[in-house]
2 protein chains.
Amino acid sequence: MKDVKARTVFVPPHRERGAVDACIAEAGLRPTAQRSVVYGVLLNHAKEHPTADEIFMQAKVEKPEISMATVYNCLDALVKHHLVKQVHLDRAATRYCPNMHEHAHFLCEECGEVSDFEGTAKPRTSGFKVPKGFQVTQTEMNMRGVCPDCAKQEATR
Amino acid sequence: MKDVKARTVFVPPHRERGAVDACIAEAGLRPTAQRSVVYGVLLNHAKEHPTADEIFMQAKVEKPEISMATVYNCLDALVKHHLVKQVHLDRAATRYCPNMHEHAHFLCEECGEVSDFEGTAKPRTSGFKVPKGFQVTQTEMNMRGVCPDCAKQEATR
DNA sequence: ATCTGAATTAGAATAATTCTAATTAGTATT
DNA sequence: AATACTAATTAGAATTATTCTAATTCAGAT
């Protein structure tokens, strides 16, 4: 596997099964076997920002009977209970991100990797004019470009 | 139709057929009848940020033989030649935007309307830490909340 | 042990988009 | 003006991600 540590600014710590269940319960969800597996997979692959399908394939390793519909159901439940965020870049399959700190997403246009950039976007200081009367409750910043690894490779060529 | 003027911060001016063709040609594209219609529809409905399907329905009024595939082809061509931007919010159908000034998009979660907020996002001053080595070439800011009209209605209730 | 509602499952259905192969239109060349 | 060549358009099939449906299973409360 490629070394992608350098480009992942924040990664939630690896968690044990018990801790995963505790998180799910804290969020007000029943910690079923499938939810634990799905959330566990996501926490351990946070850097990859996996798609539902990628999560499904990995979840099957741990729980072969799990179905795609359940993966979607679980992810929806996790999103609704604020344990997970959806990432939408282009019209590609939705990616899932268990990093609930405020952060931006960066897509490397060479290799397709998605990275997290920590920070906060205050609507009023972000550089955009929020016209009077608009109430902004959420912001989402996506950036594109070239990641350090790909930039290096390009320089070499 | 609802009055949505108040929430649209920037709208490209209405353009005549000839001017539309000139724009297309300037961008290095052959101005075919279909492209003119598609781009014309988009310019005259910029506020609505229409989907391909909505553009298709309106384009049919002017050119009944036009096909959906052509609408997609035209939109792709316009995007590649920097006359139009795609807007991706959630996994909903792609919306199209002929406003090529840098701007953010705002989605009203009550009524679903998309508005443009003018401004510029400098990656380094946006509030997010761009780690060393990342080359950012594009940024995209999406905000969500309540638009003035919907906020008013809520206050009344 | 039984009931009840929530969760899970397989598979069908949907929606947006892309692909394919055939036709048509535009432009350049004789 | 006819010809040739390439790009654009078309209808419809195919694909992909996602959602829906109805039946089954599970977990916790009675």
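Naming convention: chains lettered A, B, ... in sequence-line order (proteins, then strands); numbering from 1 in each chain. Just the heavy atoms: all of them, side chains too, but no hydrogens, waters or symmetry mates, feed the values below.
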Polar side chain donor-acceptor pair, B:His88 to B:Asn142, under 3.5 angstrom: no
With a cut-off of less than 4.0 Å, is there a side-chain N or O of [X] near OP1 or OP2 of [N]?
X	N	answer
A:Gln34	D:dC26	no
B:Arg35	D:dA8	yes
A:Thr94	D:dT18	yes
B:Arg91	D:dT18	yes

Grab the [atom1]-[atom2] distance between [X] and [N] for me, whole Å please.
X	N	atom1	atom2	answer
B:Lys60	D:dT10	NZ	P	11 Å
A:Ile24	D:dA27	CD1	C1'	15 Å
B:Asn73	C:dT20	CG	P	13 Å
A:Glu54	D:dT16	CD	C1'	14 Å
B:Met68	C:dC19	CE	P	15 Å
A:Phe56	D:dT16	CZ	P	16 Å
A:Asp76	C:dA7	CG	P	12 Å
A:Glu65	C:dA7	CD	P	18 Å

Choosing from [options], which nucleotide comes nearest the side chain of [X]?
X	options	result
B:Arg30	D:dG12, C:dT27, C:dT9	C:dT27
B:Tyr72	C:dG5, C:dT17, D:dT9	C:dT17
A:Ala69	C:dT17, D:dT9, C:dA10	C:dA10

Determine the contact category for [X]: base if any of its heavy atoms lies under 4.0 Å from a base atom, sugar-phosphate if only primed atoms, P, OP1 or OP2 are that close, otherwise nothing.
X	answer
B:Ala93	sugar-phosphate
B:Thr32	sugar-phosphate
A:Asp53	nothing

Most 5' of B:Leu29 and B:Ser67 on DNA chain D, judged by nearest nucleotide: B:Leu29
Side chains of A:Lys47 and A:Asn99 in contact at under 4.5 Å (non-hydrogen atoms): no
Whether A:Phe106 and B:Phe134 hold their rings parallel, tilted or perpendicular, with breakpoints at 30° and 60°: perpendicular
Carboxylate-amine/guanidinium proximity below 4.0 Å for A:Lys63 and A:Glu65: yes
Electrostatic pair B:Asp116-B:Lys85, nearest N-O below 4.0 angstrom: no
